[in-house]
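Here is the structure we will look at.
Below, chains carry the letters A, B, ... as their sequence lines are ordered, and counting in each starts from 1.
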There are 2 protein chains.
Amino acid sequence: MLSLHQLRCFLTVYELGSLTAAADELGYAQPSISEQVRSLEKSLGVQLFRRVGRGVVPTTVADTLRPHAEATIAAAEEARRAVQRVKAFETGTIRFGMFGSARLYVSAGLVTDVLERYPGVRVEIIGLNSSEVMDDLRRGQIEAALIAAPPTSEGLEVLPVARDEMVYVSMDASRTATPVTARRLAEARLVLADTSYRATDSMRTALRKMLHEAGHNPQTRIEVEDVETAIELVGRGLADTVVHQGAAKELVPRLAPGASWTSLRPRQYETFAIVHRVNATLSPAAQLMIELAVQRIRDVAEPL
Amino acid sequence: MLSLHQLRCFLTVYELGSLTAAADELGYAQPSISEQVRSLEKSLGVQLFRRVGRGVVPTTVADTLRPHAEATIAAAEEARRAVQRVKAFETGTIRFGMFGSARLYVSAGLVTDVLERYPGVRVEIIGLNSSEVMDDLRRGQIEAALIAAPPTSEGLEVLPVARDEMVYVSMDASRTATPVTARRLAEARLVLADTSYRATDSMRTALRKMLHEAGHNPQTRIEVEDVETAIELVGRGLADTVVHQGAAKELVPRLAPGASWTSLRPRQYETFAIVHRVNATLSPAAQLMIELAVQRIRDVAEPL
DNA sequence: GTGAAAGCATAGGAACTCCCTTGAGGATCT
DNA sequence: AGATCCTCAAGGGAGTTCCTATGCTTTCAC
């Protein structure tokens, strides 16, 4: 079987024209080199050197082999170097899971933080919705994530880090003058985001529970995919919505100027947490990501 | 110490996403693969896979390593092949790929030329269809080939040398009085050769494109395996066909006397090219083969 | 929930490889 | 002719590789 060691020995012998010299160069005994060369010749089925009196002379086959041997060794070296660079965070890809509206709080800033500190790396932020991200976590596609704390979390370890209140947003100031009760919520014309994940979305779960406890039936008039769209619709006066306060602060001035918001009654919170598989040993990259993400989210939401 | 064996194991595990599957694939026991991967991880000082429930998932470091590992293995393979080529030239067989109808142009004369010059070698002409030959080239079964230039050619170097026009052949002289348009082609009762390779055959690709642009649906009435049969069927008046002009010149007088041919409108060409792996060092025998083949095909087709 | 199946890790032992030391057999140079 | 340098071969110790058997965890189906 062809091996890198054989090729290294071959090249040194080729350059120096002597087994003994090659042995000195590589720090082995001469017979070891002799054996490596012989096994390489046997494995290829050709003679690489003519043993001629004092020293050895490469054959034409050796001439053919040399550049390829060099290329192979170089490729292996490059492989090792590439890995070391990644290890030192000089390059490579860091994957981190994050739920939809979390990107409003932290993602841009987080990415720039990482890029600033490690200019060579590529960062991937994965996932739109918490439940989606959790599936990826269980499958091992993602090492760790920052998501809205889920009610069910089998096989996953959850570390709450902050919470954010859910607020009612409307263009009609009279509707945000006082906290919104379950009854008023049930009567409102609502637009909610994250349509595709209706069943599992944690904010919807919370709302549903609140309405249900008050004896109302949850019904949404408009469903859209992302928070921005929802708030834009509010801005046009077509509906009201319920979003995280952090999202409201960030988006309302831009997308729905003139709109205002208020708490729900009782107040509803969504908890943000770092989540990863139980018993997982986290890579340094993931640990860094977590540290920075936690730092940022605590600036905009209520720390726990 | 980094070894080729470790890299091979790593790649197989990466592709299959499972140690057990990789062990089956490579013909080892599962613990052996496990050990190789672990020793590679230890040698590099990084984790390459996360062991996650059923199966393993590559880390981002593994993503980084993969292309380098592939390059290294490929370089080693190329080294071995280079040596084998030289070796083969001294003792054994020259293999040369050639697409189906090219043998009508050059094969017999080419082989006698080569045998005359190198009495010791054995010559094999391989392949019926261009796409088939290309697979053999990528796999390294064939050193070089003369084929119809392919649209896609990853990993292969293509040198166009000549082109030949595609012509419409029929027993009915009225149908070959004027160049055949896409519309007439769509209405014709056609027989086409190379059935087995329907999807990838380059002549069919060209025809399909021509018909499609004119808004017609390509449909063939009769499918046969080789050009000779197709032209014989034309000779019996059962259908018309489209073949290379070179093939028509060679075969129509013999197999379909009385048939005539004309151009398509717009004219369609197929380009012949010499193809080999990129960065391959060609053996003297292959170089001779190429030289002679090019010389011969330029006698019968239009040189480029 | 519970049992079965799948998959990785670990342990222990046989076979092999790697590399050393020692000594023999030839070229080359003086 | 003899000294010197080099390759080659044999034997033995250390380390690897690869196997079988087994244990543990996760996943899937009923």
Side-chain angles (χ1 to χ4, degrees), chain A residues 1-44 47-59 62 134-143 152-157 275-281, chain B residues 1-44 46-59 62:
Chain A
M1 208 58 227
L2 205 71
S3 82
L4 291 174
H5 189 204
Q6 288 172 342
L7 293 180
R8 252 186 295 266
C9 292
F10 162 77
L11 283 177
T12 312
V13 173
Y14 186 102
E15 276 171 32
L16 302 178
S18 149
L19 297 191
T20 308
D24 285 349
E25 173 78 19
L26 296 174
Y28 293 120
Q30 172 271 317
S32 304
I33 304 298
S34 179
E35 184 177 343
Q36 290 300 325
V37 171
R38 212 172 327 116
S39 75
L40 179 58
E41 288 179 327
K42 188 181 164 196
S43 142
L44 294 173
Q47 188 178 9
L48 293 172
F49 297 100
R50 278 199 312 282
R51 278 67 172 174
V52 42
R54 184 168 296 197
V56 293
V57 176
T59 63
M134 275 169 57
D135 285 346
D136 279 353
L137 276 169
R138 287 214 188 75
R139 268 186 244 118
Q141 307 278 358
I142 303 177
E143 207 176 343
T152 66
S153 58
E154 290 159 33
L156 297 180
E157 202 166 316
V275 182
H276 56 78
R277 293 172 63 92
V278 290
N279 301 328
T281 40
Chain B
M1 204 58 227
L2 204 72
S3 84
L4 291 175
H5 188 202
Q6 288 172 341
L7 294 180
R8 251 186 296 267
C9 291
F10 162 75
L11 284 177
T12 311
V13 172
Y14 186 101
E15 276 170 33
L16 301 179
S18 150
L19 297 190
T20 307
D24 284 350
E25 173 79 19
L26 296 174
Y28 292 115
Q30 172 265 318
S32 304
I33 305 297
S34 180
E35 185 175 345
Q36 291 300 325
V37 171
R38 211 168 331 115
S39 75
L40 179 60
E41 287 179 329
K42 188 181 163 195
S43 143
L44 294 173
V46 296
Q47 188 178 9
L48 293 172
F49 297 97
R50 278 198 300 284
R51 278 67 171 174
V52 39
R54 187 167 291 197
V56 293
V57 177
T59 63

Partners passing side-chain hydrogen bond (donor to acceptor under 3.5 Å, both in side chains) against B:Thr20 (at least two apart in sequence or in another chain) = none
Atom CG of A:Leu2 to atom C1' of C:dT17: distance rounded to whole Å?
-> 16 Å
In whole angstroms, the gap separating P of C:dG7 from CZ of B:Phe49 amounts to 16 Å
Taking all atoms of both residues into account, what is the closest heavy-atom pair of B:Leu2 and B:Ser43, and its distance?
-> N-OG, 4.2 Å
Can you tell me how far CZ of B:Arg38 sits from CG of B:Leu40, rounded to the nearest 0.5 angstrom?
-> 12.0 Å
Rounded to whole Å, the CG-P distance (A:Leu19 to C:dA27) equals 16 Å
If you find the nucleotide of DNA chain C closest to B:Gly17 and the one closest to A:Ser3, which residue's nucleotide is nearer the 5' end?
-> B:Gly17
Interatomic distance where CZ belongs to A:Arg38 and P belongs to C:dC19 [whole Å] | 13 Å
Any side-chain heavy atom of A:Pro31 sitting closer than 4.5 Å to one from A:Glu35?
-> no
Short side-chain N/O contact to D:dT16 OP1/OP2 from B:His5, under 4.0 Å = no
What dot-bracket string describes DNA chain D from 5' to 3', counting Watson-Crick and G-U wobble pairs whose defining distances are under 3.5 Å, with [ ] for crossing pairs and | for pairs to another strand?
-> ||||||||||||||||||||||||||||||
Using a heavy-atom distance cut-off of less than 4.0 Å, which residues of residues 26-37 of chain A contact DNA chain D?
-> A:Gln30, A:Pro31, A:Ser34
Atom pair distance, as rounded to whole Å: CG in A:Leu40 and P in C:dT17 | 15 Å
Taking every heavy atom of A:Ile33 against every heavy atom of A:Cys9, the minimum-distance pair comes out as CD1-SG, 4.0 Å
What heavy-atom pair brings B:Glu41 and B:Phe49 nearest, and what distance separates the two atoms?
-> OE2-N, 3.2 Å
Starting at atom CG of B:Leu4, determine the distance to atom C1' of D:dT17, rounded to an integer number of angstrom.
-> 16 Å
Phosphate oxygens OP1/OP2 of D:dT7: is one of them under 4.0 Å from a side-chain N or O of A:Thr20?
-> yes
Using a cut-off of 4.0 Å on non-hydrogen atoms, how would the nucleic acid contact of A:Ser18 be classed: base, sugar-phosphate, or nothing?
-> sugar-phosphate
Judged by atom type as modelled, is there a donor-acceptor pair below 3.5 Å linking the side chain of B:Thr59 to the main-chain atoms of B:Leu48?
-> yes
List the atom of A:Ser39, the atom of A:Gln6, and the distance in Å for their closest heavy-atom pair.
-> OG-NE2, 2.8 Å
Please check if the side chain of B:Thr12 supplies one atom and the backbone of B:Arg8 the other of a donor-acceptor pair under 3.5 Å.
-> yes
